[in-house]
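A short write-up of the structure that comes next.
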Amino acid sequence: MKNETEITSANFEEVFKAYFGPLCNYVNSYINNWEGSREIVQGAFMKIWENKEDITITSSIKNYLYSTVRNRMIDGIRTDKKLEEYRNSISVDALVENPKDLDPYLLREEILKAVDNLKPKMKKIFSLSKFEGLTYSEIASFMNISKRAVEDNVARSLFLLREELKDNEELFG
């Protein structure tokens, strides 16, 4: 592909076909996760497509694409670290400070009320994981989403539930 200064509707497909595979290989060499690599590269191409009128490339398209994908990969790694911190600090058993001092029925009811306040997709993923006992892989397959999307939704759910329950007057008087 020759050096070009913009990505147009006419050449976008050509650029995508030429660079998608090599970019996935590049990302995978760092994160060792094919599905995650494909998501990062697809996300980069989506962002480029959405902003194609505003993008001016001062280097080669190849350099621009690799730089864009590298930056998205770094952002993804940062996000993963934050989610890992949430996962390590929050569990369903730790949604409240002292569950042994509380009426189990009341605690269960308050958790179910809090779960009802989650967004529908997040609620479904959380329920399948924590109430139905499905693995993240099973949920991903069932809902036709990535395993990472399941992990992210469960982590966010736990964080939101803990935030909602920590100030609950009925639980903590």
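Owing to the predicted nature of the structure, the values given are computational and were not obtained by experimental measurement.
- Two residues are said to be in side-chain contact when any heavy atoms from C-beta on lie closer than 4.5 Å; L118 and R156 fail this criterion.
- Residue E39 comes nearest to S146 through the heavy atom pair OE2-CB, 2.8 Å, listed as atom of the first residue, atom of the second, then distance.
- Remark: D54 engages no residue in a salt bridge (charged side-chain N to carboxylate O under 4.0 Å, His left out) (not counting sequence neighbours).
- Summarising the geometry of M122 relative to S157, their closest heavy-atom pair is CG-OG, 2.8 Å, with the distance given to 0.1 Å.
- Taking the six-membered ring for Trp and thresholds of 30 and 60 degrees, Y19 and Y66 have ring planes more than 60 degrees apart, a perpendicular arrangement.
- The minimum heavy-atom distance linking A44 with V69 is given by the pair CB-CG2, 3.8 Å.
- In this structure, K47 and T68 have side chains that are not in contact, with every pair of non-hydrogen atoms separated by 4.5 Å or more.
- Scanning both residues, S137 and K147, for their nearest heavy atoms gives OG-CD, 3.7 Å.
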Discussion item. Apply side-chain contact (heavy atoms from CB on, under 4.5 Å) to residues N153 and F126 and explain how you reach the verdict.
Written reply: CA-CA 7 Å; N153 273 278; F126 182 81; over 6 Å; no
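- Between the CZ atom in R70 and the CD1 atom in I40 there is a gap of 13.0 Å [rounded to 0.5 Å].
- The shortest side-chain heavy-atom distance between L161 and N117 does not fall under the 4.5 Å cut-off.
- You'll find the side chain of Y30 reaches within 4.5 Å of the side chain of M73, heavy atoms only.
- Under the rule for a salt bridge (charged side-chain N to carboxylate O under 4.0 Å, His left out), the partners of K123 that lie at least two apart in sequence or sit in another chain are D116.
- Residues F16 and W49 form no side-chain contact, since every pair of their non-hydrogen atoms from C-beta on lies 4.5 Å or further apart.
- Formation of a donor-acceptor pair under 3.5 Å by the N28 side chain with backbone atoms of N33 is found in this model.
- Under the ring pair (Phe, Tyr, Trp, His ring centres under 6.0 Å) criterion, F142 pairs with no residue, sequence neighbours left out.
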Item to complete: May I have the step-by-step check of side-chain contact (heavy atoms from CB on, under 4.5 Å) for T135 and E138, ending in yes or no?
Response: CA-CA 5 Å; T135 66; E138 291 169 333; 3.1 Å; yes
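- Scored by the ring pair (Phe, Tyr, Trp, His ring centres under 6.0 Å) test, Y64 finds no partners at all (sequence neighbours excluded).
- The salt bridge (charged side-chain N to carboxylate O under 4.0 Å, His left out) check on E132 picks up nothing, with sequence neighbours excluded.
- Here the shortest heavy-atom pairing between G36 and I31 reads C-CD1, 3.9 Å.
- The shortest distance between side-chain heavy atoms of L65 and I48 falls below 4.5 Å.
- How far CD of Q42 is from CG of L23: 12.0 Å, rounded to the nearest 0.5 Å.
- The shortest side-chain heavy-atom distance between R38 and F20 falls under the 4.5 Å cut-off.
- Judged by distance alone, the side chain of N63 and the main-chain N or O of S59 form no donor-acceptor pair under 3.5 Å.
- Residues meeting the ring pair (Phe, Tyr, Trp, His ring centres under 6.0 Å) test with W34, sequence neighbours left out: none.
- Between M143 and L128, some side-chain heavy-atom pair lies under the 4.5 Å cut-off.
- S129 contributes no side-chain N or O that, together with a main-chain N or O of I125, makes up a donor-acceptor pair within less than 3.5 Å.
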